[in-house]
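One structure is given below, encoded as structure tokens.
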Amino acid sequence: MHVPDGFLDAPTSLATGAAAAGAVALALRGARRELDERTAPMAGLTAAFVFAVQMVNFPVGAGTSGHLMGGVLTAVLVGPWTAVLCMTVVLLVQALLFADGGLTALGTNVTLLGVVAIVVGYGVFRLLSAVLPRTRGGVLTAAGVGAFLSVPVAALVFVLLFALGAIADVPLGTVAAAMVGVHVLIGLGEAAITVAVLGAVLAVRPDLVHGAARLRRPADLAGRPAPAEAVTR
Amino acid sequence: MGAGHGGVLGAAYVVGSSPVHRLEPHLKLVAVLGFALVVVATPVAAPWAWGAYAAYLALVLGVAALAGVGHRRLARGLVVEVPFVAFALLLPVVSQGPRVDVAGLSLSVSGLTAAGGLLAKATLSVLAATVLAATTEPRALLRGLERLRLPSPLVQILMFMFRYADVVGGELRRMRVARESRGFRGRHLGALKVLGPAAGSLFIRSYERGERVHLAMLSRGYGGRMPAGPAVAAPAQAWLAALALPLAAAAVLASGLLLG
């Protein structure tokens with residue numbers, strides 16, 4: 001769900017645009033730390049992955065299906081800075097090629113779906129994984145809770161922005177309750193998909209998961225057998 | 001498939017050689033952004049607002065006709081609006097203020113105005129953006145963004161995404177074909193056990209492909225910057241042609257503000 005043009009008034013759009021530009025500038029620096037000079041190809045391929053996986057419809061139960069927003073999943077997989085860049089690029093492509101999300105609302109969309117969702121979700125993930133045991137289950141729980149919370153919080157921030165750039169005199173409580181109620185459900189779906197995908201990657205290539213670095217420990221090296229005298233090559 | 005050469009991302013492009021197709025991409029980007037700004041700046045509550053919206057609509061449809069973008073293509077572009085239509089329909093019901101009765105429902109006047117304005121603005125901007133996407137190839141859009149001084153790392157990330165979206169999307173499609181030819185039907189929550197690992201392995205493949213692409217680039221002398229030729233400055237006529245749409249819209253807005 002992307003905010004189209006004209007949903008928020010000009011000052012709010014400008015402010016979120018400035019916030020998004022600042023966050024992306026920071027992320028460009030941070031991503032260089034996560035991916036060093038590999039930034040462009042790695043972030044580009046990860047963005048392509050996010051874009052592709054958003055096209056998969058996952059069953060969420062009761063006959064409904066949803067697709068992943070992917071902010072928290074990407075942040076746990078490749079690191080938060082790269083994730084912000086990937087989400088920005090995906091949103092830019094969706095706005096430019098599919099008119100999904102307005103051009104003047106691009107800053108708002110990046111702020112909500114890229115920055116707020118990732119900061120909240122990844123923040124919760126880091127906090128929880130500091131508390132939870134250092135196991136696969138701990139990482140998955142932390143990521144699931146982070147992904148779940150990221151959605152209603154982003155929706156709540158949208159309602160706040162909507163209230164700031166008030167176009168109609170809507171009772172804020174009603175809208176907030178409705179939006180958060182709907183997005184709690186969406187968040188449950190997001191959490192389920194995030195855990196399913198992350199669990200699969202952790203099972204196969206735990207070394208690729210940025211957020212599970214603490215699970216990694218150096219491989220137990222078998223003691224090298226004493227060199228036999230005969231082998232002298 | 002069947003989308004021709006461009007794949008998923010190229011599907012938005014309609015091949016043509018109209019004057020709109022031939023415009024420089026960065027000018028078109030500026031024009032669409034300018035048009036969206038004018039549309040957003042139009043006050044909904046003004047009595048002449050709907051006249052202005054009608055004029056904007058005529059302008060966009062005129063450009064679409066000039067570009068040879070058909071009604072069906074425009075209608076397909078509008079589909080993305082649907083979730084927000086629901087939100088807009090909710091506004092008159094929940095808004096406060098004086099109310100009117102419409103077909104037995106008590107609706108708020110200010111809510112109705114706001115919802116109408118939202119829908120009109122969103123529709124107009126989506127139409128303009130659809131014309132942009134239909135007349136500009138993804139590659140050209142990238143060049144346009146570059147000329148508009150989007151930070152170079154961001155342009156490069158975009159470039160890789162454009163180039164590999166079809167490769168990654170193709171892997172996804174092959175996985176789906178493989179799943180479904182084995183009788184998979186994802187209807188309930190249990191399907192996550194299959195779809196999760198599918199998406200997970202898609203990530204692993206994409207990530208490893210990224211590493212291989214990077215190594216291949218390094219071996220060809222990549223030093224953090226993509227080689228590009230010098231850009232030719234766009235002549236004043238091109239600017240004028242491109243900005244005709246936002247300028248005409250701005251003229252409508254200005255006359256509304258002055259005369260209305």
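A note on names: the letters A, B, ... follow the listed sequences, proteins ahead of strands, and every chain is numbered from 1.
To the nearest 0.5 angstrom, B:Ile157 atom CD1 is 8.5 Å from A:Thr88 atom OG1. With rounding to the nearest 0.5 Å, the separation of CZ in A:Phe49 from CD1 in B:Ile204 is 9.5 Å. Between the CE atom in A:Met42 and the CD atom in B:Glu211 there is a gap of 4.5 Å [rounded to 0.5 Å]. Going from atom CG of A:Leu96 over to atom OG1 of B:Thr136 covers 9.0 Å, rounded to the nearest 0.5 Å. With values rounded to the nearest 0.5 angstrom, B:Leu195 atom CG is found 9.0 Å from A:Ile193 atom CD1. To the nearest 0.5 angstrom, A:Leu45 atom CG is 9.0 Å from B:Arg212 atom CZ.
Considering only heavy-atom pairs separated by less than 4.5 Å from chain A, the leading option among B:Pro138, B:Ser206, B:Ala41, B:Ser201 is B:Ser206. In terms of heavy-atom pairs under 4.5 angstrom with chain A, the leader among B:Thr123, B:Val32, B:Val168, B:Val155 is B:Val168. For the set A:Leu77, A:Leu106, A:Leu85, A:Thr46, the entry with the most heavy-atom pairs within less than 4.5 Å of chain B is A:Leu77. Ranked by non-hydrogen atom pairs under 4.5 Å with chain A, the options B:Arg205, B:Met161, B:Met159, B:Glu208 are led by B:Met161.
Within 6.0 Å of the CZ atom in B:Arg179, the count of heavy atoms belonging to other residues, nucleotides or ligands exceeds 12. Under a cut-off of 6.0 angstrom, the local environment of CZ in B:Arg139 is sparse, with at most 12 non-hydrogen atoms contributed by other residues, nucleotides or ligands.
For B:Leu37, the parts lying under 4.5 angstrom from a heavy atom of chain A are both the backbone and the side chain. In this structure, chain A has a heavy atom under 4.5 Å from the side chain of B:Pro151, while its backbone stays farther away. For B:Val39, no part lies near chain A; criterion is any non-hydrogen pair under 4.5 Å. Looking at A:Ala192, both its backbone and its side chain come within 4.5 Å of chain B, counting heavy atoms on both sides. Only the side chain of B:Leu132 comes within less than 4.5 Å of a heavy atom in chain A; its backbone stays farther off. With a 4.5 angstrom heavy-atom cutoff, B:Leu150 touches chain A only via side-chain atoms. Within the 4.5 angstrom heavy-atom criterion, atoms from both the backbone and the side chain of B:Ala122 approach chain A. With a 4.5 Å cut-off on non-hydrogen atoms, A:Val50 does not touch chain B at all. At a 4.5 Å heavy-atom cutoff, the contact between B:Phe162 and chain A is made by side-chain atoms alone. Using a 4.5 Å cut-off between heavy atoms, B:Leu215 makes no contact with chain A at all.
Nearest heavy atoms, A:Ala95 versus B:Ala129: O-CB, 4.3 Å. Of all the heavy atoms in A:Ala200 and B:Pro197, the pair that sits closest is CB-CA, 3.3 Å. Taking all atoms of both residues into account, the shortest heavy-atom contact from A:Gly44 to B:Phe160 is CA-CB, 3.8 Å. The two residues A:Pro41 and B:Gly210 have their closest heavy-atom pair at CB-O, 4.0 Å.
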Would you check, one step at a time, whether the test side chain to side chain contact (heavy atoms under 4.5 Å, CB included) holds for A:Val78 with B:Tyr207? CA-CA 9 Å; A:Val78 293; B:Tyr207 196 88; 3.8 Å; yes

Report the C-alpha separation of A:Val197 and B:Phe203 in whole Å, then their side-chain angles, then the decisive distance to 0.1 Å, and conclude whether the side chain to side chain contact (heavy atoms under 4.5 Å, CB included) test is met. CA-CA 9 Å; A:Val197 178; B:Phe203 168 73; 5.5 Å; no

Sequence neighbours left out, cut at 3.5 Å: what donor-acceptor pairs do the side chains of residues 153-164 of chain A make with other protein atoms?
none

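Legend: residues meeting salt bridge (charged side-chain N to carboxylate O under 4.0 Å, His left out) with B:Glu171, ordered by chain and number and at least two apart, are B:Arg209.
With respect to B:Leu141, the side-chain contact (heavy atoms from CB on, under 4.5 Å) criterion is satisfied by exactly one of A:Leu97, A:Leu92, A:Val93: A:Leu97.
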